[in-house]
Engineer: 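One structure, pasted below without further comment.
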Amino acid sequence: MSIRALILIIINSLIAMVIALLSFSSYKEFSNVLNDRVLQQLNSIKTLKKNQIEHLIKSEWEKFESADLYHQNIDSTVLILPDSIKNRSGIHDFTAYHLDKKTTIGFVSKSKKGTKIKILEYNKIKNILFERTGMGNSGESYLVGKDFNLRSQSRFYPDKTPYALSVKAENVAKAFKGIKGRGVFEDYRGIDVYSVSGLIEIPNLNMVILSEIDVDEVTIPLKKLKERLVGLTLAIFLLAVIISLFLTRIITNPIKNMQKSLRIMAEGDYNQTNEFIKNSNEIAEMFEALANLKVALQGAVQFANDIGLMNLNTDYQLKSPNDLLGKSLLAMRDKLIEFRNNEENTRINSKRMLVNSLENERRRLSRELHDGVGPYLTSLKHYIENKVENELMKTEMKKIVDDTIAEIRLMSNALMPSSIDDFGIGVTLTNFIESVKKSTTITIEYEDLTLQDNSKITNHQAINLFRISKELINNSLKHAKAKNIRITLSEFDDFISLFYFDDGIGFEMSTVKLGLGINNIKERVEICNGKIEINATPGKTTFEIELPVEL
């Protein structure tokens, strides 16, 4: 396909799409405006007639109440009223009680002088509803009762009793609930109409007034507009095709000249450049822009490649404030950094939850041993002292019980030293180290520089510091062949420091076995959001651990 044909297709397709879009939006806007205007007009008519009917009924009621004559203008042969209505003063809809179901609105007044009943003349209401100013050819206003049957004469079915016609539109139900309804609904004829509704605000009457006009009548201007828009669209499109044919000649001729010149240059004849120089200054600028684009894309590709290799520390300099590709790549890098950080946080939180669960289980088992088994053994010892008469047997049994109590105490302390909760990490480490000293010839020096009062070391930090210290001491005793161990635990305003030293044989970090617990120590430091530095040279192995103070 030639570039000229391609440009013609693209330009005319875009023009056609724009014209269609503008035509559609204009049609839609006109339709919306027309709908709003029609509904506003109907609402004004409905409001006017509603006010007129309410005023008529209220004024007739006032005349009725002020009259002293006690007579009833009702025909008891066609209108049978129940006592519940006769005994309740007010304005009522008697239609349901009329044998022929003719629309009947009546007044009932019950007083000490007696009960008087009057039927409102229906033609007065009919004259208000049949006033057709602003209603077009198909518009009408009518009343609907609580049973959704009409209470006023239909102008389309003049021979039918209103009560025989039923309307189930959604806006009628809303109006009975006190919600003003407006929109396009299906009326009692099954025809789509613009409709507004409102409740007649007279106690006990329970009627809704509707003002409506057929959609087909309202949309006649829309149909004419659609025809005009179609004709206008075709005319504009034809004109656009003619103009685009002329423009493509202007655009494609320089490109053809450039193509000819480039072919001559590709054949090695660099002297034949007069035509190119004469007609293609803009094309020369295009080549320069293309070269700059090539350099920019090379940089972007390299940056994208670094991101693909997860080298997220690489940087990219935007070529200009409008370098959207560069901005997108930087945003991608930042998102990957954020994702990696979130993944790291999730991993650390998972480890923290696992370690916390393990420590909680150890605390529970320690408490079970101390508070559960311990009292039983103490009771057993007391029983032996008081019930066993054989002194030799008593001595042996007491020794066994004492050894068992001591062993359980050791097991409880190994699981979770109770002094951590009661006295903190400083005292707990002191007690642990003193117990270790009794079973080894290695010199262990421990310096406790934590705050005795108002210490900021949390319980989970204390537990992890204790486990780390215990792991380090056990490693030194079992593997390091050390003669001296020095431990310092310090508490500062912003961080907690644990310094550990031994003069053992050291180890290689790259080949250290997992069994030495180095990974366990690192993970505990990590879940406390701390830092660790390890120097494992022979004769001078040090661990420097810093944990942040948790606020």
Engineer: Kindly compute the distance separating OH (Tyr122) from CZ (Arg151), expressed to the nearest 0.5 Å.
Structural biologist: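 Rounded to the nearest 0.5 Å, the OH-CZ separation comes to 11.0 Å.
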
Engineer: Check whether any side-chain heavy atom of Tyr142 lies under 4.5 Å from a side-chain heavy atom of Leu165, and answer yes or no.
Structural biologist: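 Result no, sub-4.5 Å side-chain heavy-atom pair not found.
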
Engineer: Under a 3.5 Å distance rule, please check whether Lys327 uses its side chain to pair with a backbone N or O of Pro321 as donor and acceptor.
Structural biologist: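 Confirmed, Lys327 side chain pairs with Pro321 backbone.
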
Engineer: Take Gln40 and Arg182, measure what side-chain contact (heavy atoms from CB on, under 4.5 Å) needs, and give me the verdict at the end.
Structural biologist: CA-CA 9 Å; Gln40 288 176 4; Arg182 55 186 296 173; 4.1 Å; yes

Engineer: Are side-chain N/O atoms of Thr95 and Thr103 paired as donor and acceptor at under 3.5 Å?
Structural biologist: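 Not at all, the side chains of Thr95 and Thr103 share no donor-acceptor pair under 3.5 Å.
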
Engineer: Does Gln41 form a side-chain contact (heavy atoms from CB on, under 4.5 Å) with Ile45? I'd like the steps, not just the answer.
Structural biologist: CA-CA 6 Å; Gln41 176 71 13; Ile45 294 171; 3.8 Å; yes

Engineer: Any donor and acceptor pair, going by atom type alone, linking the side chain of Asn43 with main-chain N or O of Leu39 inside 3.5 Å?
Structural biologist: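 Pair absent, no side-chain N/O of Asn43 close to backbone of Leu39.
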
Engineer: Distance-only, no hydrogens or angles: does the Glu212 side chain make a donor-acceptor pair with backbone N or O of Val193 under 3.5 Å?
Structural biologist: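 A pair under 3.5 Å: no.
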
Engineer: Provide the closest heavy-atom pair for Lys86 versus Thr115 in the form atom of the first, atom of the second, distance.
Structural biologist: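 The answer is O-CG2, 3.6 Å.
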
Engineer: Rounded to the nearest 0.5 Å, how far apart are OG1 of Thr133 and CE of Met135?
Structural biologist: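 Separation between the atoms: 9.5 Å.
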
Engineer: Counting distance only, does the side-chain N/O of His98 pair as donor-acceptor with the main-chain N or O of Asp100 below 3.5 Å?
Structural biologist: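 Confirmed, His98 side chain pairs with Asp100 backbone.
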
Engineer: Parallel, tilted or perpendicular: which fits the ring planes of Phe107 and Phe64, with parallel below 30° and perpendicular above 60°?
Structural biologist: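 Ring orientation of Phe107 relative to Phe64: tilted.
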
Engineer: Looking only at non-hydrogen atoms, find the nearest pair between Ile105 and Ile125 and report the distance.
Structural biologist: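 In this case the closest contact between Ile105 and Ile125 is CD1-CD1, 3.4 Å.
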
Engineer: Could you check whether any side-chain heavy atom of Lys124 comes within less than 4.5 Å of a side-chain heavy atom of Ile128, counting everything from C-beta outward?
Structural biologist: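 Not in contact.
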
Engineer: Check whether any side-chain heavy atom of Phe94 sits under 4.5 Å from a side-chain heavy atom of Ile117, and report yes or no.
Structural biologist: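 Side-chain contact under 4.5 Å: yes.
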
Engineer: Any side-chain heavy atom of Glu131 sitting closer than 4.5 Å to one from Gln52?
Structural biologist: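 A side-chain contact under 4.5 Å is absent here.
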
Engineer: Okay, side chain of Asn127, backbone of Phe130: is any donor-acceptor separation there less than 3.5 Å?
Structural biologist: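 Not confirmed, Asn127 side chain does not pair with Phe130 backbone.
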
Engineer: Quick one: NZ on Lys180 to NZ on Lys174, what's the gap to the nearest 0.5 Å?
Structural biologist: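 Reported value, rounded in 0.5 Å steps: 14.0 Å.
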
Engineer: Taking Ser89 for its side chain and Lys110 for its backbone only, find out whether a donor-acceptor pair lies under 3.5 Å.
Structural biologist: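 Here the side-chain-to-backbone pair exists.
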
Engineer: Determine whether Glu62 and Lys58 satisfy the following criterion, salt bridge (Lys or Arg N to Asp or Glu O under 4.0 Å), listing intermediate values before the conclusion.
Structural biologist: CA-CA 6 Å; Glu62 291 174 357; Lys58 289 177 181 178; over 6 Å; no

Engineer: Any chance you could lay out the side-chain contact (heavy atoms from CB on, under 4.5 Å) test for Leu205 and Ile57, step after step, and finish with the verdict?
Structural biologist: CA-CA 10 Å; Leu205 194 56; Ile57 294 175; 3.8 Å; yes

Engineer: If you take all heavy atoms of Asn464 and Cys528, which pair is closest and at what distance?
Structural biologist: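 Heavy-atom minimum between the residues: ND2-SG, 3.5 Å.
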
Engineer: Kindly give the heavy-atom pair with the smallest separation between Ile213 and Ser138, and that separation in Å.
Structural biologist: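 Heavy atoms of Ile213 and Ser138 come nearest at CG1-OG, 3.4 Å.
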
Engineer: Decide yes or no for Glu60 and Glu121: does some side-chain heavy atom of the first lie under 4.5 Å from some side-chain heavy atom of the second?
Structural biologist: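 Glu60 does not reach Glu121 side chain to side chain.
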
Engineer: So for atom CZ, which belongs to Arg37, do other residues, nucleotides or ligands contribute more than 12 heavy atoms lying within a distance under 6.0 Å?
Structural biologist: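 For Arg37, atom CZ is not crowded (no more than 12 foreign heavy atoms under 6.0 Å).
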
Engineer: State, with a plain yes or no, whether a side-chain heavy atom of Ile220 is found less than 4.5 Å away from one of Lys224.
Structural biologist: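 Yes; the side chains approach each other to less than 4.5 Å.
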
Engineer: What's the spacing between Ile85 CD1 and Tyr97 OH if we round to 0.5 Å?
Structural biologist: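 Ile85 atom CD1 to Tyr97 atom OH measures 4.0 Å (nearest 0.5 Å).
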
Engineer: Answer yes when Lys223 and Glu227 have at least one side-chain N-carboxylate O distance shorter than 4.0 Å, and no when they do not.
Structural biologist: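 No, Lys223 and Glu227 are not salt-bridged.
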
Engineer: Using every non-hydrogen atom in the two residues, find where Glu217 and Pro221 come nearest and quote the distance to one decimal.
Structural biologist: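 Scanning both residues, the minimum pair turns out to be O-CD, 4.2 Å.
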
Engineer: Is the closest side-chain heavy-atom distance between Asp214 and Ile191 below 4.5 Å?
Structural biologist: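 Counting from C-beta outward, Asp214 and Ile191 do come under 4.5 Å.
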
Engineer: Given 3.5 Å as the limit, does a donor-acceptor pair link the side chain of Ser152 with the main chain of Leu143, or not?
Structural biologist: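 Looks like yes, one N/O pair under 3.5 Å.
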
Engineer: Taking Asp147 for its side chain and Asn149 for its backbone only, find out whether a donor-acceptor pair lies under 3.5 Å.
Structural biologist: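 Yes; judged by distance alone, with no hydrogens or angles, the pair exists.
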
Engineer: Treating Ser195 as the side-chain partner and Phe185 as the backbone partner, does any N or O pair qualify as donor plus acceptor under 3.5 Å?
Structural biologist: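 No: the side chain of Ser195 does not pair with the backbone of Phe185.
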
Engineer: Any ion pair linking Lys522 and Glu526 (charged N to carboxylate O, less than 4.0 Å)?
Structural biologist: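 Looking at Lys522 together with Glu526, the answer is no, because their closest N to O distance does not fall below 4.0 Å.
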
Engineer: Could you check if a side-chain atom of Lys126 sits within less than 4.5 angstrom of a side-chain atom of Leu129, using non-hydrogen atoms only?
Structural biologist: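 With C-beta onward as the side chain, the pair stays apart.
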
Engineer: Counting distance only, does the side-chain N/O of Glu546 pair as donor-acceptor with the main-chain N or O of Lys531 below 3.5 Å?
Structural biologist: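 Here the side-chain-to-backbone pair does not exist.
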
Engineer: So how far is it from Ile457 CD1 to Ile425 CD1, rounded to the nearest 0.5 Å?
Structural biologist: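 Rounded to the nearest 0.5 Å, the CD1-CD1 separation comes out at 7.5 Å.
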
Engineer: In Å and rounded to the nearest 0.5 Å, what is the CD1 to CD distance from Ile209 to Glu201?
Structural biologist: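 Reported value, rounded in 0.5 Å steps: 11.5 Å.
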
Engineer: Output, in order, the C-alpha distance, side-chain angles, deciding distance and verdict of side-chain contact (heavy atoms from CB on, under 4.5 Å) for Ser154 and Lys160.
Structural biologist: CA-CA 8 Å; Ser154 166; Lys160 285 191 176 183; over 6 Å; no

Engineer: Just checking Lys101: does its NZ atom have more than 12 heavy atoms from other residues, nucleotides or ligands closer to it than 6.0 angstrom?
Structural biologist: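 Buried by this count: over 12 neighbours within 6.0 Å.
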
Engineer: For the CG atom on Asn87, are there more than 12 heavy atoms of other groups (residues, nucleotides or ligands in this structure) within a distance under 6.0 Å?
Structural biologist: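 More than 12 heavy atoms, drawn from other residues, nucleotides or ligands, come within 6.0 Å of this atom.
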
Engineer: Is it true that atom CZ of Arg132 has more than 12 heavy atoms of other residues, nucleotides or ligands lying nearer than 6.0 Å?
Structural biologist: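 Atom CZ in Arg132 is crowded, with more than 12 foreign heavy atoms closer than 6.0 Å.
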
Engineer: Specify the closest pair of heavy atoms between Tyr163 and Ala96, including all atoms of both residues, with the distance to one decimal.
Structural biologist: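 For Tyr163 versus Ala96, the nearest heavy atoms are OH-CB, 4.4 Å.
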
